[in-house]
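What follows is a short report on a single structure.
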Amino acid sequence: VKDLAKACGKQCIVFNCSEGLYYRPLGKFIKGLACSGGWSCFDEFHRIKRSVLSIVSHDILTLQRGIQSKEASIFLGDSDIILNASCAIFITMKSQVSLAEKIPDNFKALFRSVAMMKPDTRLIAATCLSAKGFQLSQLLAARLTSAFKLCRDTLSQQPHYEFGLRSIKSVLELAQELKKPVGDDDVGSEQ
């Protein structure tokens with residue numbers, strides 16, 4: 001969500017949810033999003049109490065209806081606010097099990113479910129290499145991801161070492177910068 005917001009040029013605030021969260025501060029936060037047009041990702045949303053979710057679902061429904069009907073302002077909580085229709089709310093949860101157990105039905109209806117899986121780094125690397133003009137993209141991707149897997153499995157497990165997709169992407173971007181355009185050296189040697 002943060003990367004999507006960055007690509008769209010939107011401010012995204014990640015809100016870490018907890019059991020101690022009450023409806024008033026959450027309602028004020030939603031009001032701020034509605035006014036500013038920012039995006040928010042409520043992380044680990046399943047931790048919020050069910051009673052709080054029931055109250056907050058009304059605010060989110062009011063916000064969504066205001067956006068859908070292109071209202072200039074909406075009544076949210078106890079005040080009338082100017083609505084910036086570019087605001088968005090996303091939630092993350094640990095699993096579908098927590099969704100089924102914890103989230104009320106009226107709240108589930110407000111969001112679309114999206115399941116996330118572990119990315120296939122070899123396929124992503126091969127696609128990026130191919131798009132950058134590398135000839136043997138499948139072979140290079142296999143070697144690169146094998147090297148990163150070997151580093152992840154054998155090197156220090158300290159948190160500042162990262163051998164995931166972000167690091168692979170950084171190496172791919174560097175490879176593109178270092179790659180010489182085909183034919184430039186040949187033209188210079190013939191003259």
Side-chain angles (χ1 to χ4, degrees), residues 1-18 29 32-34 36-47 60 63-64 67-68 84-100 103 108 110-191:
V1 173
K2 284 174 28 180
D3 289 340
L4 176 63
K6 183 179 177 184
C8 294
K10 301 297 293 180
Q11 177 187 18
C12 183
I13 301 165
V14 177
F15 193 92
N16 294 316
C17 300
S18 67
F29 187 78
L33 285 175
S36 69
W39 288 10
S40 182
C41 179
F42 292 97
D43 196 25
E44 298 192 16
F45 203 72
H46 58 279
R47 291 185 175 191
I60 294 174
L63 178 64
Q64 287 180 344
I67 292 169
Q68 289 169 350
N84 186 334
S86 66
C87 65
I89 296 175
F90 301 88
I91 60 174
T92 64
M93 299 176 144
K94 289 287 185 201
S95 67
Q96 283 293 110
V97 175
S98 60
L99 177 67
I103 306 300
K108 279 191 245 179
L110 300 175
F111 294 94
R112 290 190 185 128
S113 294
V114 176
M116 301 296 285
M117 299 178 357
K118 185 177 179 186
D120 184 352
T121 53
R122 183 177 290 182
L123 178 62
I124 293 168
T127 304
C128 290
L129 286 166
S130 181
K132 293 175 189 316
F134 286 88
Q135 297 294 321
L136 302 171
S137 60
Q138 295 291 331
L139 177 65
L140 292 171
R143 288 180 180 176
L144 180 65
T145 54
S146 295
F148 270 85
K149 183 180 183 316
L150 185 64
C151 289
R152 183 176 48 247
D153 294 344
T154 58
L155 296 177
S156 174
Q157 298 296 318
Q158 294 180 13
H160 59 273
Y161 292 124
E162 207 273 306
F163 300 107
L165 189 56
R166 285 181 197 261
S167 298
I168 291 173
K169 187 78 170 137
S170 296
V171 169
L172 293 174
E173 288 171 5
L174 183 61
Q176 181 184 16
E177 289 177 23
L178 296 175
K179 181 180 177 274
K180 293 181 182 177
V182 176
D184 283 355
D185 290 339
D186 296 337
V187 173
S189 63
E190 291 176 3
Q191 295 174 354

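Every heavy atom of this structure was used, including side-chain atoms; hydrogens, water molecules and symmetry mates were not.
Taking CG from Leu4 and NZ from Lys6, the interatomic distance works out to 12.5 Å, rounded to the nearest 0.5 Å. Residue Thr154 holds its OG1 atom at 10.0 Å from NZ of Lys149, rounded to the nearest 0.5 Å. Here the SG atom belonging to Cys87 is positioned 9.5 Å from the CD atom belonging to Gln64, to the nearest 0.5 angstrom. Taken from CD in Gln11 to CG in Leu33, the straight-line distance is 8.5 Å, to the nearest 0.5 Å. Considering CD1 of Ile89 and CZ of Phe29, their distance stands at 8.5 Å, rounded to 0.5 Å. Taking CZ of Phe90 as the start and CZ of Phe45 as the end, the distance is 13.5 Å to the nearest 0.5 Å.
In the displayed structure, Lys132 atom NZ is contacted under 6.0 Å by more than 12 heavy atoms of other residues, nucleotides or ligands. By the 6.0 Å contact criterion, CZ on Arg143 is open, its count of non-hydrogen atoms from other residues, nucleotides or ligands being 12 or less.
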Given His46 and Cys17, is the side chain to side chain contact (heavy atoms under 4.5 Å, CB included) satisfied, shown in steps?
CA-CA 8 Å; His46 58 279; Cys17 300; over 6 Å; no
Determine, step by step, whether Ser86 and Lys10 satisfy the side chain to side chain contact (heavy atoms under 4.5 Å, CB included) criterion, reporting the C-alpha distance in whole Å, the side-chain angles of both residues, the deciding distance to 0.1 Å, and the verdict.
CA-CA 9 Å; Ser86 66; Lys10 301 297 293 180; 2.9 Å; yes
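The distance between the ring centers of Phe111 and Phe42 does not fall below 6.0 angstrom.
At least one side-chain heavy atom of Cys128 sits under 4.5 Å from a side-chain heavy atom of Ile124. You'll find the side chain of Cys8 reaches within 4.5 Å of the side chain of Trp39, heavy atoms only.
Of the possible polar contacts, none joining the Ser137 side chain to the Leu129 backbone as a donor-acceptor pair under 3.5 Å is found. Put simply, the side chain of Asn84 gets close to the backbone of Ser36: a donor and an acceptor are under 3.5 Å apart.
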